[in-house]
Structure formats: C-alpha cells, structure tokens
Amino acid sequence: MSLQAVKYSRGRLEVLDQLRLPHEFHYDSVATRAEAFDSIASMRVRGAPAIAIVASLGLAVELHHGPVPGTTAEEAVSHIDEALDYLKTSRPTAVDLGNAVEQLKARVRLCGAGGSKQDVVDAFIDEAEAILERDLRTNLAIGEFGTAWLRAKAGASPEATVSVLTHCNTGSLATSGHGTALGIVRTLQAGKLLRHVFCTETRPYNQGSRLTAFELVYEGIPSTLITDSMAASLFGGRKSDVNMAAVIVGADRVVRNGDTANKIGTYQLAVVAKHHGVKFIVAAPTTSIDLETPTGAGIKIEERRAEELTQVTGAVVRPDGSVDEGTKVTVATADRRIGVWNPAFDVTPAELIDAIVTEKGVVERGPDGSFDFRPIMAERWAAVAGQ
Ligand SMILES: CSC[C@H]1O[C@H](OP(=O)(O)O)[C@H](O)[C@@H]1O
C-alpha cells in the first residue's frame, strides 16, 4: 500500500499537506476552486499529475455542492470555463494542468449543446473523476514499459539487478498512485530487477529527502539519499557492485522535439549521466507532452519566492547551528539580504535524453537528436498540425 496524495469520493476531496511531510501527516479538506488553487500554488500538493487531479476534483466538489449560478446549460459552461481558467494559473510550468483544463472544457462544451444545466455539471464531475481513475492505469503502464526498456537496453535482469538514480518526487505523492519515474522503480522492485535506488535531496523544496525518501522507506525499497551535488561522485566512483544503469526522472512538460522541463537540477544530472555513460530516461504520461511548443525555449519556467532558499524547513539555521524558529527578515534588514534566484524547473535538451517512457510506449531519441511522438500520439499530432 503506497501513500496517497489525495482521497476522493463524490462530493468530498482530501489533499495531503506535503509541506508538513515527513514530520506530520495531515489531510486538508478541499471543497472549492479557491482551496484547490491555494493547495497547488502553496505546493501543499505538487507533482504535475497531482496538480491536474486536485484542480479538477476541487472544482468537481464545488459544483457537486453548488449552487451553480444561472439556469441554462450555456451559463453553466461559461461558469466552469471561468473557474478552469483561474485554476490553470495556479502553477505555469506543468502542462498536465493545462491539458486537463482543455479536456474538461471540451467535455462540458459537448454536453452544453442541448443538455440541461445539471447535465453540464454531471458531465464535468464524470470527466474529473475519469482523470483520477486514468492516472493510476497510466502509471502502471509507464512502470511496465520502463522496466521492459531497462531490461532490453540497460541489461536489467534478476541475475544482474540494476541501480538507478531519481530526482525530485514522482511517486504516489505526485500522482494518484504508483508514480511515473518512481513507478518504474516500483515495477523494477516488484520484478526483482532493482539492486538499489539513489534519490537526490532536491533542494530547495526537498522533494527527495522529504517525500521520495519517505515513500521508499515506507515500502522498504533499498535506497540511499544523497545531496544534489553528490551525483557526479556517485557516478564517477561507482563501484561495480552498484551497477548504475540509469537516471530516471519525471517531467512537467515535454515539448515537441523532446526537450523536457523538470525539477531544477535535472539538466545537470543529464550532463553528468552523459559524461559517465549512464542512461537518462524521462518517465511521463502523454498528458505531460506539449506538442504545440516546438522546443524547450518556449517553456515558461516558474520562479518561486526567495524564502524557499533562505529559510530551511520554516526556520533559519544560524552559523552556530542553533535554530531560530520562524525568523522573519524585516524590511530594515532587507538591504543586507543575499540575492536569490529560485527557478523551480530547468530544461534538459533532447540530445541528453535516451528515452521518454509514456503509458503508450517508449520513444527513443532519433538520429537527428530529437523525438518523434507521432507513433504514440497520432491524433494529437494531427490536431496540432492542422492548426
Ligand atoms: C510526476 S511529478 C512530475 C514533476 O513535478 C515535480 O515538480 P513539483 O514538485 O515542483 O510539482 C517534479 O518536477 C516532478 O518531476
């Protein structure tokens, strides 16, 4: 049984507050679009698929309890469109949220033509619940495809188990369950192909040390936590008994040529992996693929507030190691504060990625150094090409 980022039944959504992990296990009730927005923007819930799920279900719960303004189907469609446009602004980089918004809008528009106001509300709730239900199946398929690829291309076998490194958190706390990159780790473990998984701390939010380590220990998966700066030494000094086969990461947005936005620090892991001959694979549902953006240059990278770097776990650790709980830097001292640059993501160029594992199959980098998603996303390609 893995940890659950969300608990949902029709009319009720509870979201695990990941800012409190691993010290405290607390679920917030989310019953409105505003509560869903705040949970996402504050990163109490995070992870590209989980963000889309909470936004969709948070609005579904609000609509379930009503009242929904207006009397006609058209008024209901317009009300929902406005709410979805608001939720889409909660975090800009992960494309799953934008794709879920478009999927939900299309469903209610279809129903709005000739249906009643209640038909539109029911259609929205059904579609939001379908997004939740589909996510777990997607992650299990990613796990199977990724494991098969590692067996074929990285020599994973019960006789020659492999070690992998993962960055950030892409497990049950970032999805509806099983996970994407961490889903491949779970499937490797279930198939007795995993020797060891290394997870990076993933500063400054510490998704690795607070969330991934928590998931791995919770399930007894053999694992070691390292700081983000230790990866090169791990690969460079890797002993044969580690058998480091691949870096496996998630994605917030994969664009048409395969360039991939993911947690800050991913790009440097790709460079180090290339230097040391370690495979580098991205695990992402097709809902994380944005065919409308040609290259990584078109990806908006979210920048977050300086305090995420200057305050560690809500306190400031003084030079002598003592902790000052909740220290706030006042305006008077602002001129003495260090400048901070805090991009939440970076872009790994396609040329550094060996394969992108989706629920519809694995796409490998082509001879021209980019990726061709047409074989697994023909319909979406046609729609984009037709624009
Ligand atoms: C399957 S989660 C994908 C992706 O989302 C995470 O970002 P954040 O924790 O800021 O929401 C991270 O980049 C994961 O790789």
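Small disclaimer: the values here were computed from a predicted structure and weren't measured. Counting convention: from 1, in listed order, for ligands and their atoms alike.
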Side-chain ion pair, K117 and E75, N-O less than 4.0 Å: no
Lys/Arg-Asp/Glu bridge criterion (N-O < 4.0 Å) met for R305, E307: yes
Those atoms of ligand 1 less than 4.0 Å from some heavy atom in M43: 10 (O)
Ligand 1 to H167 polar contact by distance, N or O atoms, under 3.5 Å: no
Atoms of ligand 1 close to Q207 [distance to a heavy atom under 4.0 angstrom, numbered from 1]: 8 (P), 9 (O), 10 (O)
Name of the residue among Q207, R46, K263 meeting side chain to side chain donor-acceptor pair (under 3.5 Å) with N169: R46
Nearest neighbour in protein (non-hydrogen) for atom 3 (C) of ligand 1: A251 O, 3.3 Å
4.0 Å heavy-atom contact, F345 with ligand 1: yes
Ligand 1 N/O within reach of N262 N/O, cut-off under 3.5 Å: yes
Identity and distance of the protein heavy atom lying nearest atom 12 (C) of ligand 1: C168 SG, 3.3 Å
Residue pair E364 / F371: nearest heavy atoms and the distance that separates them: C-CE2, 3.5 Å
Distance filter under 4.0 Å to D252 heavy atoms, resulting ligand 1 atoms: 4 (C), 5 (O), 6 (C), 7 (O), 12 (C), 13 (O), 14 (C)
Single-linkage hydrophobic cluster, 4.5 Å side-chain cutoff, V363 and I184 together: no
A73 to G112 - nearest heavy-atom pair and separation: CB-O, 3.6 Å
Proximity flag A344 to ligand 1, non-hydrogen atoms under 4.0 Å: no
Residues D228, R203: salt bridge by 4.0 Å N-O rule: no
Contact check, A94 vs ligand 1, heavy-atom distance below 4.0 Å: no
Taking atom 10 (O) of ligand 1 as the reference point, the nearest protein heavy atom with its distance: K263 NZ, 2.7 Å
T286, T287, T138 screened by side chain to side chain donor-acceptor pair (under 3.5 Å) with E359, the one that passes: T286
N or O pair under 3.5 Å between R91 and ligand 1: yes
